[in-house]
Amino acid sequence: MPIQDKALFTSPCDVRPDVRAFKAYVPGLTIDEIRERYGLSQVVKMASNENPLGVSPYVQECLRRHAATAFRYPQGGNPRLVDALARHHKVDKSCVVVGNGSDELIDLLMRARAVPGVHNIVCFKPCFGIYPVQSQLCGLELRQAPLNADFSFPFDALRALVDEKTALVFVTTPDNPSGYCPEAADVLALARALPAGCLLVVDEAYMDFVDDESTRSLLAAGTELPNVAFLRTFSKSMGLAGLRLGYAVLPPVLAEYLWRVRLPFSVNILAEEAGLAALEDDIFYAQTLHAVRAGRQQLMQGLEGLGCTVWPSSANFLMFGPPAGVAAAGFFEALLAKGYIIRPLKSYDLPHLLRVSVGTEEENTGFLKACREVLA
Ligand SMILES: *Cc1c(COP(=O)(O)O)cnc(C)c1O
């Protein structure tokens, strides 16, 4: 049936044909769900790459102090936050756009640049779940280059999928779910190899956790490029996932368009204050990086000691496979019953693998003990 005919509505609840086939993004399970299902008193969530140290005390105090301002609309364009981010990254403030999580910026970039039914989006496979979901909602063809067997990036294969109708190329670095991180030089080479009309989106949600940002991040290196947009978030290293705050650093012309199409108050007044406070809180940030790096090492050694296959990670999570002969799904369920929520990677088409977020030292120790018991 031609799309026009399918678009003839017979019910007020009909939706676009492509929306009818829509599959929602699958988030990690929540603590309450598992506590109830298994009647547990204590449940540890290591599934969504949240900050193991929680919300910084300084930010909590700031939120309490500003609670009474929540009846007001935030200042249009969040100028104080934009200024602070521009200083933080040593870029001009005309390059910064803030959003309701970087998820909003992914959506805005697609909708502002790509014409439905005409343009395409290019990324690796597997990739962060929001890229396919949002491309589908925007009516855009998604082209994916399979990752190498070791989860490193086949940049040439990615480049080969790009044509004159490619609006955006997404690269996640460090990558989710593998934790792999390419050299900034390789990302730069990709940016230089793209056709004139194409924008490279470098999603640096986990860049804070790499060992050497200057060789891994083009943004940290201060490389100004006319065809690259960087995405960063307060959800991971800053511990603010629940407040929804992310931002893009991108060419000013494009930034200006995004500000025009963005819903006016998508970054709320408490998220703005929390973001400002988080940027000042160097101590909490340093503690977070320390906890993540030490915890990553602890989990890596512990899981390997149990016979698991663990991929090297530059992020705040590890991807791993259970020992030979143990099914990932069963291992995941057994851990749930013991009160440890991790992430099965079925929705990434990796049903044999699992992802665990780095927790506190105590949580990591408890998780490894639970794994040992399950495997015994
Ligand atoms: C967690 C994550 C984000 C951040 O999303 P927010 O909307 O800012 O919470 C972005 N990209 C990737 C790859 C992620 O894993």
Side-chain angles (χ1 to χ4, degrees), residues 27-31 44-56 59 101-103 126-130 151 171-182 202-213 215-217 219-220 230-247 275 278-279 281-304 308 310-320 335 340-345 348 350 353-368 371:
L29 295 162
T30 68
I31 289 180
V44 177
K45 185 180 173 200
M46 301 166 85
S48 301
N49 306 338
E50 293 145 343
N51 193 311
L53 306 184
V55 182
S56 106
V59 172
S102 33
D103 289 354
C127 67
F128 180 46
I130 299 296
F151 289 86
V171 169
T172 311
T173 165
D175 200 14
N176 179 8
S178 75
Y180 169 78
C181 189
V202 182
D203 185 340
E204 298 195 338
Y206 301 100
M207 189 52 87
D208 311 71
F209 304 117
V210 303
D211 287 324
D212 180 9
E213 234 184 291
T215 64
R216 302 288 170 169
S217 168
L219 177 57
F230 296 95
L231 299 179
R232 294 259 181 146
T233 179
F234 283 80
S235 296
K236 316 286 164 48
S237 60
M238 301 288 191
L240 297 179
L243 281 180
R244 314 302 304 123
L245 184 58
Y247 57 98
L279 287 172
D281 196 349
D282 296 337
I283 295 173
F284 181 80
Y285 184 73
Q287 286 169 340
T288 296
L289 296 196
H290 179 76
V292 166
R293 288 182 183 139
R296 195 162 67 192
Q297 192 64 21
Q298 182 191 0
L299 287 176
M300 172 79 134
Q301 284 170 354
L303 285 169
E304 279 183 340
C308 297
V310 192
W311 276 263
S313 170
S314 298
N316 65 341
F317 53 82
L318 290 170
M319 184 173 79
F320 70 98
L335 284 169
Y340 286 88
I341 311 176
I342 62 169
R343 191 81 148 98
L345 297 181
Y348 289 83
L350 302 168
L353 298 179
L354 301 163
R355 191 189 70 194
V356 60
S357 309
V358 175
T360 61
E361 188 182 349
E362 195 188 342
E363 288 169 337
N364 299 335
T365 303
F367 165 75
L368 291 170
C371 288

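Listed for the Ser48 side chain is no donor-acceptor partner under 3.5 Å among the backbone atoms of Glu50.
Under a cut-off of 6.0 angstrom, the local environment of CD in Glu304 is crowded, with over 12 non-hydrogen atoms contributed by other residues, nucleotides or ligands.
Put simply, the side chain of Thr173 does not reach to within 4.5 Å of the side chain of Phe230, judged on heavy atoms. A 4.5 Å side-chain heavy-atom check between Thr288 and Phe209 finds at least one atom pair inside the cut-off. In this structure, Thr172 and Cys127 have side chains that are not in contact, with every pair of non-hydrogen atoms separated by 4.5 Å or more. Residues Val202 and Leu219 are not in side-chain contact: their nearest non-hydrogen atoms beyond the backbone lie 4.5 Å or more apart. No side-chain heavy atom of Ser217 sits under 4.5 Å from any side-chain heavy atom of Val210. Two residues are said to be in side-chain contact when any heavy atoms from C-beta on lie closer than 4.5 Å; Ser237 and Tyr285 meet this criterion. The closest side-chain heavy-atom distance from Arg296 to Ser313 is below 4.5 Å. Taking the side chain as every heavy atom from C-beta outward, Val55 and Leu243 never approach each other to under 4.5 Å.
Checked by atom type, the side-chain pair Asn176/Arg355 shows a donor-acceptor distance below 3.5 Å.
Between Pro52 and Thr360 the shortest heavy-atom distance is O-CG2, 3.4 Å. When every heavy atom of Thr233 is checked against every heavy atom of Tyr247, the shortest pair comes out as N-CE2, 4.5 Å. The heavy-atom pair separating Pro174 from Gly179 by the smallest distance is CB-O, 4.1 Å. Taking each heavy atom of Leu368 and Gln298 in turn, the nearest pair found is CD1-O, 3.8 Å. Taking every heavy atom of both residues into account, Phe317 and Pro177 meet most closely at CE1-O, 3.3 Å. Heavy-atom minimum distance, Val358 versus Ala291: CG1-O, 4.1 Å.
Distance CG/Asn51 to CZ/Phe234: 13.0 Å, rounded to 0.5 Å. Here the straight-line distance linking atom CZ of Arg216 with atom CE of Met207 works out to 8.5 Å at 0.5 Å rounding. Once rounded to the nearest 0.5 Å, the distance linking CD1 of Ile342 with CG of Leu354 reads 4.5 Å. In this structure, the separation between CG on Asp175 and CZ on Phe151 is 9.0 Å, given to the nearest 0.5 Å. Expressed to the nearest 0.5 Å, how far CD of Gln301 lies from CG of Asn364 amounts to 12.0 Å. Note: Leu299 CG to Glu363 CD = 10.0 Å, rounded to the nearest 0.5 Å.
Between Asp211 and Arg293 a salt bridge is recorded (basic side-chain N to carboxylate O distance below 4.0 Å).
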Could you walk me through whether Val44 and Phe367 pass side chain to side chain contact (heavy atoms under 4.5 Å, CB included), step by step? CA-CA 9 Å; Val44 177; Phe367 165 75; over 6 Å; no
Tell me, with the steps shown, if Leu245 and Met238 meet side chain to side chain contact (heavy atoms under 4.5 Å, CB included). CA-CA 10 Å; Leu245 184 58; Met238 301 288 191; over 6 Å; no
Using the rule given for side chain to side chain contact (heavy atoms under 4.5 Å, CB included), can you reason through Asp208 versus Arg232, listing the C-alpha separation, both sets of side-chain angles and the distance that settles it, and then say yes or no? CA-CA 9 Å; Asp208 311 71; Arg232 294 259 181 146; 4.3 Å; yes
